[in-house]
Amino acid sequence: MKTIHIDLPGNSYRYQVKIGSQILSSVLKDNFLNYSEKRIFLVTNSTLHALYPEFEQTFLPEKLESECLILPDGEQYKTLETVSRIFDFLVDKKANRKSILIAFGGGVIGDIAGFAASAFMRGIAYIQIPTTLLSQVDSGIGGKTGINHKAGKNLIGAFKQPLQTIVDVDFLKTLPEREFIAGYAELIKHGFIRDPYLFQLLNHKNLNELKSDEELLIESIFRSCEVKARVVEADEKETSQRAILNFGHTLGHFLETHTNYKQFLHGEAVIIGMDYAAWWSFQQGFLDEADFRIIHDHLYSLGIMKTIPPVTRDEFIRIIEVDKKFSDEGIRFIGLTGIGKARIFDRISSESLWDNLQAYFQTGALLKLA
Ligand code: NAD
Ligand code: GLY
């Protein structure tokens, strides 16, 4: 088992991320050794509940009783109504300030349950048990929690760090292939922005090799989480450096919004977004051509090629400027100056991104217009 320590000096808070295979029950047992309450509160979704119906008996320490809330599965339930359901559940079951909530699921469950934990009785502790590759390397650590608003994704939320995050790769065995690729986008993103060794480890490997080699899988997730952990430690509230985690997300968010969240999984949009961001960096003279080609070939090998509906300049600018990374001064765009070297570019105009995008479309690489 591997352990990452996250130390947040700003709010005097530390926690650990445990990573391994079949570690969940023993790690949970350690966690609850000195826990004085009798019960814990579990939040999951209907898919996980169907796949792991014996979750409580298999993984929770015997001495504990559990109360379980099973939410419907889907991003469309990442709403205030669902958070309200969690509050009702906690009130009905008489949870108190010392209660611990466990979020068992992907990023949607982690984000909603973490947000509920941040507000219930002004904040109770919660444990993240992320079950998708995306949540294991990204949303399960770093403390961003939240829900969607009709005006935009993740518009409402809080920073609430978990008590612990337990990454058990065994859960990935049931994860659908498409979700695995989407999670891989965020995993390899951490290589592109900060860890060239992580990229080297995975370049020229196909995803089946990664899935079937448990040691490689754990090492890759560990290194990827390390990158996120160090970035979050340096800038928990995203006042500066944390923005590099948004590499590939400017075009990614545009693609998701433009296609009404129907055509892309988030990670799929990020794959194309990273390809575009690397291409942009090369075009602007920050990234040399050889590195761009290496990055592009790797992303191309993931097999995500999409055709999107036509878009006008005004539509593009409208969508891109709603994005959280837009301020009065322009877009904050994340580019690369090398593999493992991200740089923040401020005050990029949305018009210039539109012009660049036209040229990117001409390359016809991963994205085409219908
Ligand atoms: P998700 O939670 O919707 O999970 C994807 C699908 O996989 C769901 O149908 C889920 O039920 C299923 N699933 C989960 N684990 C499984 C398993 N082990 N076996 C089989 N099926 C399983 O999606 P996600 O990609 O994990 O997370 C996306 C969400 O995370 C978005 O809402 C996004 O905004 C959020 N996010 C948050 C952060 C953050 O820092 N908080 C970072 C990135 C993304
Ligand atoms: N997923 C980006 C962040 O956590 O900041």
Side-chain angles (χ1 to χ4, degrees), residues 6 24 43-52 55 70-79 82 103-115 118 126 128-149 152-162 165 167-187 189-190 193 211 224-225 227-249 252-253 256 261 264-270 273 324-325 332 334 342:
I6 303 188
L24 184 56
V43 176
T44 188
N45 74 20
S46 49
T47 303
L48 268 308
H49 181 69
L51 285 166
Y52 303 97
F55 179 86
I70 301 165
L71 296 171
D73 185 5
E75 180 78 32
Q76 69 272 33
Y77 298 105
K78 203 174 138 178
T79 59
T82 306
F104 174 58
V108 168
I109 287 294
D111 277 15
I112 312 174
F115 185 48
S118 78
Y126 78 111
Q128 288 269 22
I129 305 176
T131 58
T132 59
L133 185 56
L134 182 137
S135 56
Q136 295 192 342
V137 298
D138 191 356
S139 62
I141 55 177
K144 280 189 183 174
T145 71
I147 52 169
N148 300 329
H149 183 273
K153 265 193 83 183
N154 298 324
L155 266 192
I156 298 161
F159 287 97
K160 168 76 178 170
Q161 302 292 342
T165 298
V167 173
D168 194 324
V169 298
D170 218 34
F171 290 116
L172 299 179
K173 289 185 178 143
T174 55
L175 192 67
E177 173 78 9
R178 203 177 157 201
E179 296 289 350
F180 191 89
I181 299 174
Y184 180 80
E186 302 286 2
L187 188 158
K189 177 192 80 183
H190 293 152
I193 61 171
K211 258 196 231 168
S224 188
C225 287
V227 170
K228 178 143 187 189
R230 301 291 84 87
V231 171
V232 169
E233 270 182 350
D235 177 25
E236 183 188 3
K237 302 278 164 70
E238 198 172 320
T239 53
S240 58
Q241 276 304 307
R242 186 166 177 163
I244 66 171
L245 298 174
N246 294 327
F247 175 61
H249 283 57
H253 279 150
E256 288 181 278
Y261 294 93
F264 292 85
L265 292 179
H266 175 68
E268 293 172 337
V270 169
K324 282 176 296 182
K325 289 174 285 301
R332 168 169 281 192
I334 313 304

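Values below: all heavy atoms of this structure, side chains included; hydrogens, waters and symmetry mates excluded. Positions are given from 1 along the sequence. All ligand and atom numbering here is 1-based and tracks the order in the structure.
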Original post:
Which residue and non-hydrogen atom of the protein lie closest to atom 20 (C) of ligand 1, and at what distance in Å?
Top reply: Thr174 O, 3.1 Å
Original post:
With backbone taken as N, CA, C and O and side chain as the heavy atoms from C-beta onward, which portion of Leu51 lies under 4.0 Å from ligand 1: side chain, backbone, both, or neither?
Top reply: side chain
**OP:** Could you list which atoms of ligand 1 come closer than 4.0 Å to a heavy atom of Asn154?
**Re:** 34 (O)
Original post:
Counting from 1, what ligand 1 atoms have a heavy atom of Asp138 closer than 4.0 Å?
Top reply: 42 (C), 43 (C)
Original post:
Who gets closest to atom 21 (N) of ligand 1 by heavy atom: Gly267, Pro130, Pro176, Ala50?
Top reply: Pro176
Original post:
Does the side chain of Glu238 pick up a donor-acceptor pair with the side chain of Asn246 at under 3.5 Å?
Top reply: yes
Subject >> Partner of Asn148 by side chain to side chain donor-acceptor pair (under 3.5 Å), out of Gln76, Glu75, Lys153 >> reply: Glu75
Original post:
Just which atoms of ligand 1 are under 4.0 Å from any heavy atom in Thr47?
Top reply: 11 (O)
**OP:** Return a yes/no value for Lys78: is any of its N or O atoms, backbone included, closer than 3.5 angstrom to an N or O of ligand 1?
**Re:** yes
**OP:** Report the part of Leu265 (side chain from C-beta onward, or backbone N, CA, C, O) that has a heavy atom under 4.0 Å from ligand 1; answer both or neither where that applies.
**Re:** neither
**OP:** Would you name the heavy atoms of Glu236 and Arg242 that are closest together and state the gap between them?
**Re:** O-NH1, 2.9 Å
Subject >> Ligand-side contact atoms (ligand 1) for residue partner Glu179, heavy atom cut-off under 4.0 Å >> reply: 5 (C), 6 (C)
Subject >> Heavy-atom nearest neighbour of atom 44 (C) of ligand 1 within options Val137, Ile129, Leu134 >> reply: Leu134
Subject >> Contact check, Lys153 vs ligand 1, heavy-atom distance below 4.0 Å >> reply: yes
Subject >> Polar contact flag for Glu75 and ligand 1 (N/O pairs, less than 3.5 Å) >> reply: yes
Original post:
Does a donor on one side chain and an acceptor on the other come within less than 3.5 Å for His249 and Glu186?
Top reply: yes
Original post:
Any nitrogen or oxygen of Thr131, main chain or side chain, under 3.5 Å from a nitrogen or oxygen of ligand 1?
Top reply: yes
Original post:
Any non-hydrogen protein atom below 4.0 Å of atom 12 (C) of ligand 1?
Top reply: no
Original post:
Is Lys228 near ligand 1, meaning one of its heavy atoms is under 4.0 Å from it?
Top reply: yes
Original post:
Taking distance alone, with no angle check, do Tyr52 and ligand 1 share an N/O pair under 3.5 Å?
Top reply: no
Original post:
When rounded to the nearest 0.5 angstrom, what distance separates OH in Tyr77 from CG in Asn45?
Top reply: 11.0 Å
**OP:** Just need the protein heavy atom nearest to atom 8 (C) of ligand 1, so name the residue and atom and give the distance.
**Re:** Asp73 OD1, 3.4 Å
Original post:
In terms of atom number and element, which parts of ligand 1 are under 4.0 angstrom from non-hydrogen atoms of Phe171?
Top reply: 17 (C), 18 (N)
**OP:** Verify the ring-centre separation between Tyr126 and Phe115: is it less than 6.0 angstrom?
**Re:** no
**OP:** Let me know which protein residues bring a heavy atom to under 4.0 Å of ligand 2; chain then number is fine for ordering.
**Re:** Asp138, Lys144, Lys228, Glu238, Arg242, Leu245
Subject >> Any N or O of Gly107 closer than 3.5 Å to N or O of ligand 1 >> reply: yes
Original post:
Quick one: does Val108 get an N or O within less than 3.5 Å of an N or O on ligand 1?
Top reply: yes
Original post:
Under 3.5 Å between some N or O of ligand 1 and some N or O of Thr132?
Top reply: yes
**OP:** Tell me which part of Lys144 gets within contact of ligand 1: side chain, backbone, both or neither, using heavy atoms under 4.0 Å.
**Re:** both
Original post:
In the protein, what heavy atom is nearest to atom 22 (C) of ligand 1, and what distance, to one decimal place, separates them?
Top reply: Leu175 CD1, 3.8 Å
Original post:
Looking only at protein heavy atoms, which one is nearest to atom 38 (C) of ligand 1, and how far off is it?
Top reply: Ser139 CB, 3.1 Å
Original post:
Would you say Asn45 has any N or O atom under 3.5 Å from an N or O of ligand 1, going by distance alone?
Top reply: yes
